[in-house]
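This report concerns only the one structure given below.
Below, read A as the first sequence line, B as the second, and so on, with proteins coming before strands; counting in each chain starts at 1.
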Protein chains: 2
Amino acid sequence: MAAKRSGAQSKRSQRTGVSPQAAQESRSEPPLSRERIVATAVELLDAEGVDGLTMRRLADRLGSGAMSLYWHVGNKEEVFDLALDSVLEYRGPQQMAGIQGWRGEVVHMLEDWRASMLRHPWSASLLPRRALGPNILRRLEMLSKTLSRAGVADADLNVAIWSLWNYVMGATITRASFDLSDDEMVAAQHRLTGLSECYPTIERSRLLLDSDWDGAFSKGLDFLLDGLAPGQ
Amino acid sequence: MAAKRSGAQSKRSQRTGVSPQAAQESRSEPPLSRERIVATAVELLDAEGVDGLTMRRLADRLGSGAMSLYWHVGNKEEVFDLALDSVLEYRGPQQMAGIQGWRGEVVHMLEDWRASMLRHPWSASLLPRRALGPNILRRLEMLSKTLSRAGVADADLNVAIWSLWNYVMGATITRASFDLSDDEMVAAQHRLTGLSECYPTIERSRLLLDSDWDGAFSKGLDFLLDGLAPGQ
DNA sequence: GGTTGACTCGTACGTCGTACGATGCGATCA
DNA sequence: TGATCGCATCGTACGACGTACGAGTCAACC
């Protein structure tokens with residue numbers, strides 16, 4: 001009943017990896033696998049957004065029947081979880097050389113985090129409702145370790161981690177949700193100018209249109225880091 | 001075709017507000033209205049969560065047919081938008097007396113914001129995908145005005161607003177998503193202790209269990225405010 | 001040859017959002 | 001008084017969804 005999942009198919013790919021599976025290759029599609037499902041789900045989410053992912057469409061893209069997916073994943077929720085976590089993999093600092101000090105490391109990690117999510121805007125709107133996958137936990141772990149090494153006391157560690165995490169999450173989600181619909185944005189600003197007697201200040205600052213998102217992100221992050229570790 | 005919406009029903013309630021509508025009252029349910037629909041949607045969302053809100057269930061609660069709702073709202077998306085915005089109404093500082101200085105005002109506004117959303121945890125997971133309603137804009141406007149009055153230069157205003165907004169959003173969404181499922185949380189921490197060689201630091205700090213959310217929120221907010229207006 | 005277990009998929013059920021058109025009903029006009 | 005008209009309600013129906021169920025295929029082993 002629940003005796004399926006990854007164990008099964010990974011065994012299969014070991015068995016058939018080297019031996020006489022030329023027949024498999026000659027078919028139009030490679031065999032289903034959890035990895036292929038997740039990768040295709042990410043493609044579909046990138047192309048069509050959260051509402052565009054359905055089991056039938058996903059199966060179509062994979063060249064299989066809809067019900068075949070359920071051998072490899074438990075349900076649609078799991079597809080979301082896996083797609084989200086797969087997108088949040090952290091490959092570590094590519095060029096560790098250019099980074100000096102713990103503060104540089106933290107900034108790099110958090111900016112990479114933000115960039116990863118903005119590359120797949122659906123991830124930002126998905127994350128608030130999903131469980132913590134291994135890749136997210138790995139990122140949290142690295143963040144804690146770096147802060148801990150930097151001398152943040154254990155008592156303050158959780159405050160520091162959550163402050164930084166919260167900040168990154170908020171900035172990313174806000175940015176991504178505005179990215180999703182430029183027209184929405186313009187419409188909102190237009191609604192604003194129509195009601196400029198109601199919202200004079202944000203209308204004057206063109207808050208919704210002219211903001212320098214990246215600049216605001218790193219400035220705010222700096223302030224936070226100043227406060228969290230005033231020593232350095 | 002599109003000639004319905006609020007104008008129609010508000011005219012109706014004006015007409016029937018005083019006159020001979022005792023018959024309406026004697027019926028088991030008051031007449032449908034946009035306000036009643038939104039209020040009931042909030043109830044339903046509070047009780048059943050985001051997935052629990054369907055047009056049929058909503059209509060059941062209102063004692064009407066499902067299709068009747070569509071006279072007052074355009075579609076289900078609009079119900080979400082209206083419910084979200086209605087929950088984010090800002091009633092202003094209830095006791096302005098106790099609040100000293102712009103900084104106190106800002107903290108009060110942001111804490112009220114957070115509290116409003118945590119009172120309805122679904123709002124946090126909904127917001128990333130929705131448009132900016134009038135109540136959200138009003139909050140942004142008040143925030144800008146306060147900061148502006150506090151002497152933040154126009155050039156820095158957007159940075160300040162977005163830094164604060166992002167921080168509050170992130171903290172609230174994170175907190176709310178953990179609140180939604182304590183069991184998920186415990187399961188995650190359990191998964192962690194099982195893999196404590198993978199995630200030693202966050203396992204040791206009991207990050208997912210023991211965090212002082214409220215304390216972390218206000219400490220991080222203080223740091224941010226320190227940085228944004230170092231003058232005061 | 002028979003059995004087993006991994007894997008695929010067609011069919012079917014219940015639920016969803018909502019298009020469409022019929023209906024009821026108070027107000028207005030003839 | 002009856003005819004007409006706008007607002008408001010709702011029954012029916014359609015297509016799409018997630019997925020339960022069980023029958024099917026095929027390679028590997030006894």
Can you give me the N/O atom pairs linking the protein to nucleotides 15-19 of chain D at distances under 3.5 Å, or say none if there are none?
unit_1, atom_1, unit_2, atom_2, d
D/dG18, OP1, A/Lys76, NZ, 2.7
D/dG18, OP2, A/Met55, N, 3.0
D/dG18, N7, A/Arg56, NH2, 2.6
D/dG18, O6, A/Arg56, NH2, 2.9
D/dT19, OP2, A/Tyr70, OH, 2.8
D/dT19, OP2, A/Lys76, N, 3.0

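Rounded to 10°, the helix from C/dG1-D/dC30 to C/dC29-D/dG2 has 30° between the axis fitted to its first five pairs and the one fitted to its last five.
With respect to the salt-bridge test (charged N to carboxylate O, under 4.0 angstrom), the residues B/Arg130 and B/Glu78 do not qualify. In this structure, B/Asp112 pairs ionically with B/Arg139, as a charged nitrogen and a carboxylate oxygen lie closer than 4.0 Å. Contact check on A/Glu89 versus A/Arg138 returns no salt bridge, with no Lys/Arg side-chain nitrogen under 4.0 Å from an Asp/Glu carboxylate oxygen.
If you take CG of A/Leu32 and P of C/dC7, they are 10 Å apart, rounded to a whole angstrom. Atom CD of B/Glu78 is separated from atom C1' of C/dT18 by 14 Å (rounded to the nearest Å). When the C1' atom of C/dC7 is taken as reference, atom CZ of A/Arg36 falls 14 Å away, rounded to whole Å. Separating the CG atom of B/Leu69 from the P atom of C/dC16 is a distance of 13 Å, rounded to the nearest angstrom. Distance B/Leu58 CG to D/dT9 P: 13 Å, rounded to the nearest Å. If you measure from atom CH2 of A/Trp71 to atom C1' of D/dC26, you get 14 Å, rounded to the nearest angstrom. We find that CG of B/Leu62 is positioned 15 Å from C1' of D/dA8, with the value rounded to whole Å.
Between B/Ser68 and D/dC10, a side-chain N or O to OP1/OP2 separation shorter than 4.0 Å is present. The phosphate of C/dA6 has neither OP1 nor OP2 within less than 4.0 Å of any side-chain N or O from A/His72.
A/Ser123 places a side-chain N or O within 3.5 Å of a backbone atom of A/Met117 that can act as its donor or acceptor partner. Between the B/Glu48 side chain and the B/Leu53 main chain, no donor and acceptor come within less than 3.5 Å of each other.
Applying the side chain to side chain contact (heavy atoms under 4.5 Å, CB included) criterion to B/Glu43, with sequence neighbours excluded, gives B/Arg61. Every residue was checked against the side-chain hydrogen bond (donor to acceptor under 3.5 Å, both in side chains) condition with A/Ser64, not counting sequence neighbours, and none meets it. For B/Thr40, there are no side-chain hydrogen bond (donor to acceptor under 3.5 Å, both in side chains) partners two or more places apart in sequence or in a different chain. Scored by the side-chain hydrogen bond (donor to acceptor under 3.5 Å, both in side chains) test, B/Trp165 finds A/Thr174 as partners (sequence neighbours excluded).
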